[in-house]
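Remarks on the structure that follows.
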2 protein chains.
Amino acid sequence: MCNQFSVINHSIVSEKEALVHVSDLSIQRGYGIFDYFRTVNGKPVFLEAHINRFYQSAKSMHLNTSVHSEELKELIYQLISANNLPNSGIRITLTGGYSPDGYTLADPNLFITQSAFNFNKTNFAKGIKLISYEYARELPLIKTINYLQAIYLQPLIKSKNADDVIYYSNNEILECPRANIFIVTQQNELLTPANGVLKGITRNTILSFNEFGGRETNISLEQLYNAKEVFITSTTKNVLPVLAINDQPIGDGQPGVISSHIYEKLIQLKEV
Amino acid sequence: MCNQFSVINHSIVSEKEALVHVSDLSIQRGYGIFDYFRTVNGKPVFLEAHINRFYQSAKSMHLNTSVHSEELKELIYQLISANNLPNSGIRITLTGGYSPDGYTLADPNLFITQSAFNFNKTNFAKGIKLISYEYARELPLIKTINYLQAIYLQPLIKSKNADDVIYYSNNEILECPRANIFIVTQQNELLTPANGVLKGITRNTILSFNEFGGRETNISLEQLYNAKEVFITSTTKNVLPVLAINDQPIGDGQPGVISSHIYEKLIQLKEV
């Protein structure tokens, strides 16, 4: 990472200088929010949607940043220009700041970091395996930095030869730690959990594709297992077919037709 | 904070140099554990118990630090000597480290920080007010850095003119964000929640006081409201009487006799 740059608050700094004092509430109390978007051929994808959600998360968590949306966008474009990484992921993080007592909120600290990211088109065909786990995030509608449970579960996921976990609560499915989930029923309905999940930007985009008729509703574990197709969605994954859950195959164990169509449409929209 | 020192991994550094790169998993994913103990007249209080819990938390969270307990103690004593702050709080933090992909665990980073702390003996008589809130921590037995819910609730606590929150789940009380809770029943039984709570060092010490007959059990919200005395316990608070919950007075609304006896015994043990 030579000649790489980041942003701290109002300034562009060298990537090595993107340092936080240990007294920041992110390290003291895991308190912060973030958002993450991609650049494709040097252009940010769905930037407005990510910035809107970033400020919504900040407001929900009582974090009042002095960097306002126009300045934030300006800093992002400066960073893109300085780093010259056409295909990348950009993360905007806002922390609880340097609290005088390590507990009460202070002036937030803003960090913007960029790293190379090339979307891997071969992953779609491979698909993934999930395990199910009973857990609901504490503030699911807010994109907080808390992934404690997700990272804690990594050894379990690995031991089950799975790729990720699907959380559920009261017999209803919710979300993966870093992705939303959709099912296609035997009646070809496209459904995604309505409540208790982060409203992903890719999820929102898919729901806006009128020809697939996607809608939000409650989905039981049983509906998940009996689905014709299951796939997860995120900014980096786009659409990834779920071929098995807890070693039980989904549908015929191959990426499905509707998943493929949505994937193609999404790629076309994002990568052009 | 002039001439103040901290520890990063194996080294003593100036307090200003206690910096973390933004790529650390504590900032990326809220992933880390800590412990906190006090020094009184230059001597650490219950050091062994805190160090044991620190390593238990680390192990539970799959964090393998290269700093082992004898070196950790040596670093703590070096820090105490360098800072010359006889009455203080010392925090040992272990983070998920510099993850190459911002998600998988890496080599942990260790930070030890010290700040002045003088116990305020007048707080006991004033007591505190709590509000109740339905919430259970995700990994309650581990002292993780996740206090997202607690800090998120601060404006609510303030709006209710309360001092802190008592979490409950399935009608059973659990813990405050940074303290355990005890009740004294009308039959003079001393009880503290058995399950789903962090096993505080002060809590353990009080349970070891044979003359009060304290024991762990499930405690309902009703038992809490009908208690003769209620108090919370922590390393910095020792014993703090709870005089009201959700504006409902507890007992006669004054610090109780058993609370006072336990407080005195604890102070004697810790402050001498």
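Residue numbers start from 1 in every chain, and the chains themselves are labelled A, B, ... in the order their sequence lines are given, proteins ahead of strands.
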Could you list which of residues 17-34 of chain B have a heavy atom closer than 4.5 Å to any heavy atom of chain A, in residue-number order?
B:Ala18, B:Leu19, B:Val20, B:His21, B:Val22, B:Leu25, B:Ser26, B:Ile27, B:Gln28, B:Arg29, B:Gly30, B:Tyr31, B:Gly32, B:Phe34

Close approach to chain A in residues 155-169 of chain B, criterion heavy atom under 4.5 Å
B:Pro155

Contact residues of residues 80-102 of chain B (partner chain A; heavy-atom separation under 4.5 angstrom)
B:Arg91, B:Thr93, B:Thr95

If the contact rule is any heavy atom under 4.5 Å from chain A, which residues of residues 137-153 of chain B qualify, in numerical order?
B:Glu138, B:Leu139, B:Ile142, B:Thr144, B:Ile145, B:Asn146, B:Tyr147, B:Leu148, B:Gln149, B:Ala150, B:Ile151, B:Tyr152

Tell me, for A:Tyr103 versus chain B, whether the close heavy atoms (under 4.5 Å) come from the side chain, the backbone, both or neither.
both

A:Thr104, A:Thr113, A:Asn109: which one forms the most heavy-atom pairs within less than 4.5 Å of chain B?
A:Thr104

If you count the non-hydrogen atoms of other residues, nucleotides and ligands that lie under 6.0 Å from CG in A:Asn64, is the total more than 12?
no

Should we count CG of B:Asn120 as having more than 12 external heavy atoms under 6.0 Å?
yes

